[in-house]
Colleague: 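Next up is a structure, given as structure tokens.
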Amino acid sequence: MSKYHFIDIEKKWQNYWAENKTFQAQNQSDKPKYYVLDMFPYPSGAGLHVGHPLGYIASDIYARYKRHKGFNVLHPQGYDSFGLPAEQYAIQTGQHPRKTTQENIIRYREQLDKIGFSFDWSREVRTSSPDYYKWTQWIFIQLFESWYCKAHEKAFPISELVKVFSEQGNSKLNAECDSEVTTFTAEEWNDYSEKRKESILLKYRLTYLAETEVNWCPELGTVLANDEIVNGVSERGGYPVVRKKMMQWSMRITAYAQRLLDGLDTIDWPQPLKDTQSNWIGKSEGAMVTFRVVRTSEELRGAKIEVFTTRPDTIFGVSFMTLAPEHELVERITTMEQRFEVGKYIEATAKRSERERMADIKNISGVFTGAYAEHPFTGEHIPIWIGDYVLAGYGTGAVMAVPCGDQRDYDFAKHYDIPIPNIFDGVDISEEAFADKERTIIGNSDFLNGLDHKTATQKVIEALEEKGQGAGKINYRLRDAVFSRQRYWGEPFPVYYKDGMPQMIATEHLPLTLPEVEKYLPTETGAPPLGRAEVWAWDTVNNEITANHKIDHETIFPLELNTMPGWAGSSCYMFRYMDPHNPDVLASEEAMRYWGNVDLYLGGSEHATSHLLYSRFWVKFMYDRGYLLVDEPVKKLINQGMILGESAFVHRVEGENQLVSASKISGLKVQPIHADVSFVNTSNELDMEAFKNWRPEFKNAEFITEDDGTFKVTREVEKMSKSKYNVVNPDDICEQYGADTLRLYEMFLGPLEQAKPWSTAGITGVHSFLKKLWKLYHSGAEESFAVSDTAALADELKILHKTIKKVEEDIENFSFNTSVSTFMIAVNELSALKCNSREILEPLAIIIAPYAPHISEELWNKLGHSESISTVPFPQFEEKYLVESSKDYPISFNGKMRFKMKLPLDMTKDDIEAAVMAHEKTQQYLDGRTPKKVIIVPGKIVNIVG
RNA sequence: GCUGAAGUGGUGGAAUUGGUAGACACGUUGGACUUAAAAUCCAAUGCUCAUUAUGGGCGUACGGGUUCAAGUCCCGUCUUCAGUACCA
């Protein structure tokens, strides 16, 4: 084995690492720790494509580099193995999702192993394994057993809440809870039945069961969270979604809204991602204002409308109110005369899907209820309307309409001929509303006249508070997260139902394992798939699962039929890696103390409002309750860009079986067809035979070729996907060029964070670099190993140290693409010098090792070392080798670079001025004039002002 | 609409953060080696004018500005991408 046989070399070292457990991390070490994590993959049936490993390669380079730098590195990997695709595959084929998931994991592992990652596989976790989801269930129970105190901004055990209730009731309590909680005294509480107490507590628990309006996807037979819906259809499959009321588990994430927002300042995450999260949380400051409904009938006694507004300062501009069609008061306040109109309108809006409503922004629609509200200050009667521009889900589902200050209110008022009073000084509102807070001076508003936005807001809130008709309020867009899914392949809830109330299974009996079912579809009665399980009841005497027919509602109770959503298993998994086999706790305190939080996390930005937000929420909760020692999961996060596919299109003449080459299309009516990219070479020529044999419909197709007889396809950049036939498998690249080439090439493609299309066009350049590197250590036709012990030349040392310095900077800045160039330059320069000195070639192998670990292990081994290169310290660059005796100084004159001058490095400013002045060429450019000054930037450039 | 990021050769992309723009690679062209091809090696390659040669002009989306010096900083305009959207 003398030539660069990458296949043998890579296999050899991958086996070596596995056998020697080279990358197993220890939980005790004198070294500083570093935790590098990738977002773990969902093992899909399609396997990995070249886009998946991009982030893994980057994090692997960083992990390997940190090991060279003397860190104890934790770099684990696992599988997010619960999920919908496996379940849908199960529905189609009847195969158990456990089986297909297992197969997919094996396939993923094979593919990952071929790329030479330095994962510590002894710590692997799988979210679908009972040993793991035991902890997901355990966390769920802790959330159930907790409430959130707003006074302390912290979660506490529910037992403390019970104590507060029994001692002083709930009137003084400042806790996060459902909006309709009524106040009670300690005496009242103590008199309540157990069931009533339970149902009150449920309104305070951090995970709770409630009738909520949810996004129901009939096609998938399940509810979806807001972030699982894109443009009104399901993210998976693109099926329609409708609103529906259902009894669901929810997570009280809204309790943590402010802390989730504040925490963003403490973490080093990309700005766009932070912005996405803070938009999603959507904090807005304003006031709650209560409007009394004018009592025109007994029915309306005590009726009030609460609104949220960010502009309480414009309250004197209110000329009508608008309720969402779904608002609970609509039914009650609508007058007899308007009943028919209102009913018609509500029916019409209910029929329209969310999507239609969004597409129809321009159309103004609404209807008058016939009722009036009373202005808190003027007592004026304000008409109450219904309009679908008001969303039931935001604020209170009602607005005080100030047409002069809000464009939507303005348009609505214009459309229905409602007055538009102007309450701004010196502003023309005849054409449009005026919404500039900064330039606002209030007028025509009684005690607010002449005030600016800020002062007026403050003053009006005080006045409202005095009247008991309002208060300052911060509102969030963030909703509580629905946590129930009507699916089979997810974590079962550790919950059974006694007398209609949910009960937790004691934590010592976890995990509650997923039952077997015959089919993975919902039942005929519409219950979730777990409704098919025959053994799915909880025996509270023996504390075990038992058959449904034994349910007696005395000691044996039905278990929850829903399962948890995809993000349940991924919210705290980073802590399980710290101590993955611990049977007693999620991770031991010792392990958590040592590893802290994730130092570097790599993954796609598509998880911004799901996994990354929910994970932060759970971690903060676990921190509050003392189960974790940190309140943010991840210190630094990098979003790697997606690698896109370059789809190939063959064009077929419409209605004919004629296929037209790219340049012959014009003028023809053609239909593009995705062709498999493996039939196309780099100059876009199609392998016509392969295409003919691809599908029977093309067997007899006629090809209209280019004039030279070739057939060309057109290209388009799209997301890589099986259905677009543009998927490139990393295995093929590893086979043809090797894993080291794949690793280097994926980095070389461009900046890590940027999306970029995959193209093999440049891969030969990277591959030939590795061949050159190999040749540097070998010589002769036989390429025998040839490294000598002769001392290195000064030039060689300079190249080496320049390279060390640059590569170190690049890795620290995560600009892995430029260091590949740096290696290429170094190898080219050293080859030109015919360098074969061990003094150079040994450190060179180390600095390349993080990027191309297999070839460097092989070279390291040939250099006579028996240990793995991955444990060797990274070479230190030394400034002294970079220093030159003299340097070319570019000389600028009147802003233009004129010529370069060789000057000694240690020259002072005066020396340089003198040297420049003495220089013959300077005289030539100055042309007899005296320069005003000579500007010297030390070590850089000399500039003469003429 | 709002928020954020970005705009550099034929292509992917560099540029030590204000100091010789286009590193490195692909592609293209020419050459060497070959019966030939592949592989490999060498040279040229931003555009443009001119030439025997040295050279000149223009160039980092567009228009201004600051500076001895701008891809980089400031103001304005345009375009692209991403997130979000009747959020009161």
Colleague: In whole Å, measure the gap between the P atoms of B:C42 and B:U20 for me.
Modeller: 28 Å

Colleague: Report which part of the nucleic acid A:Gln754 touches: base, sugar-phosphate, or nothing (heavy-atom distance under 4.0 Å, all strands).
Modeller: sugar-phosphate

Colleague: Using heavy atoms to find the nearest nucleotide of RNA chain B for A:Thr276 and A:Ser284 separately, return the residue whose nucleotide is more 5′.
Modeller: A:Thr276

Colleague: Could you give the CG-to-P distance, from A:Leu752 to B:A14, as a whole number of Å?
Modeller: 12 Å

Colleague: Say you pick atom C1' in B:A88 and the same atom in B:U79; how far apart are they, in whole Å?
Modeller: 33 Å

Colleague: Take atom CE in A:Met642; do more than 12 heavy atoms of anything else shown fall under 6.0 Å from it?
Modeller: no

Colleague: Side chains of A:Asn726 and A:Glu718, heavy atoms from C-beta outward: is any pair under 4.5 Å?
Modeller: yes

Colleague: Does anything in residues 267-275 of chain A come within less than 4.0 Å of RNA chain B? Heavy atoms only, and list the residues if so.
Modeller: A:Pro272, A:Asp275

Colleague: Quote, to the nearest angstrom, the P distance that separates B:G10 from B:C68.
Modeller: 34 Å

Colleague: For the atom pair OG (A:Ser284) and CD1 (A:Ile474), what is the distance rounded to the nearest 0.5 Å?
Modeller: 9.0 Å

Colleague: Checking contacts here: which listed nucleotide (B:G83, B:C87, B:G13) is nearest the side-chain heavy atoms of A:Tyr394?
Modeller: B:C87

Colleague: Which residues satisfy the ring-ring contact (aromatic ring centres under 6.0 Å, His included) test with A:His375, sequence neighbours excluded?
Modeller: A:Phe316

Colleague: Expressed in whole Å, how much space separates the C1' atoms belonging to B:A70 and B:U17?
Modeller: 12 Å

Colleague: I need the full list of salt bridge (Lys or Arg N to Asp or Glu O under 4.0 Å) pairs touching residues 742-761 of chain A, with sequence neighbours left out, sorted by first then second residue.
Modeller: A:Asp60-A:Arg743

Colleague: Holding to ring-ring contact (aromatic ring centres under 6.0 Å, His included), I want the full list of residues that pass it with A:Phe308, two or more places apart in sequence or in another chain.
Modeller: none

Colleague: What's A:Pro757 touching, base or sugar-phosphate or nothing? Going by heavy atoms closer than 4.0 Å.
Modeller: nothing

Colleague: Rounded to the nearest Å, what distance is computed from the CG atom of residue A:Leu478 to the P atom of nucleotide B:A85?
Modeller: 13 Å

Colleague: Between B:U11 atom P and A:Leu749 atom CG, what is the distance in whole Å?
Modeller: 17 Å

Colleague: Using a 4.0 Å cut-off on protein heavy atoms (strictly under), produce a 5'-to-3' string for nucleotides 22-32 of chain B with B for base contact, S for backbone-only sugar-phosphate contact, and - for none.
Modeller: -BBSS------

Colleague: Any pair with a residue in residues 267-281 of chain A that passes salt bridge (Lys or Arg N to Asp or Glu O under 4.0 Å), sequence neighbours left out, goes on the list, sorted by first then second residue, please.
Modeller: A:Asp268-A:Lys636

Colleague: Which whole number of Å gives the distance between the P atom of B:A50 and that of B:U67?
Modeller: 38 Å

Colleague: Can you list everything that forms a ring-ring contact (aromatic ring centres under 6.0 Å, His included) with A:Tyr737? Sequence neighbours excluded, please.
Modeller: A:His767

Colleague: In whole Å, what separates the C1' atom of B:U40 from that of B:G83?
Modeller: 49 Å

Colleague: Give a yes/no on whether any side-chain N or O of A:Arg477 is located under 4.0 angstrom from OP1 or OP2 of B:A88.
Modeller: no

Colleague: Could you check whether A:Lys771 gets within reach of a base, just the sugar-phosphate, or nothing at all, counting any heavy atom under 4.0 Å?
Modeller: sugar-phosphate

Colleague: Say you pick atom C1' in B:A36 and the same atom in B:G27; how far apart are they, in whole Å?
Modeller: 24 Å

Colleague: Output all residues satisfying side-chain contact (heavy atoms from CB on, under 4.5 Å) with A:Pro376, sequence neighbours left out; order by chain, then residue number.
Modeller: A:Val289, A:Phe291, A:Ile315, A:Leu464, A:Gln469

Colleague: Can you list everything that forms a ring-ring contact (aromatic ring centres under 6.0 Å, His included) with A:Tyr476? Sequence neighbours excluded, please.
Modeller: none

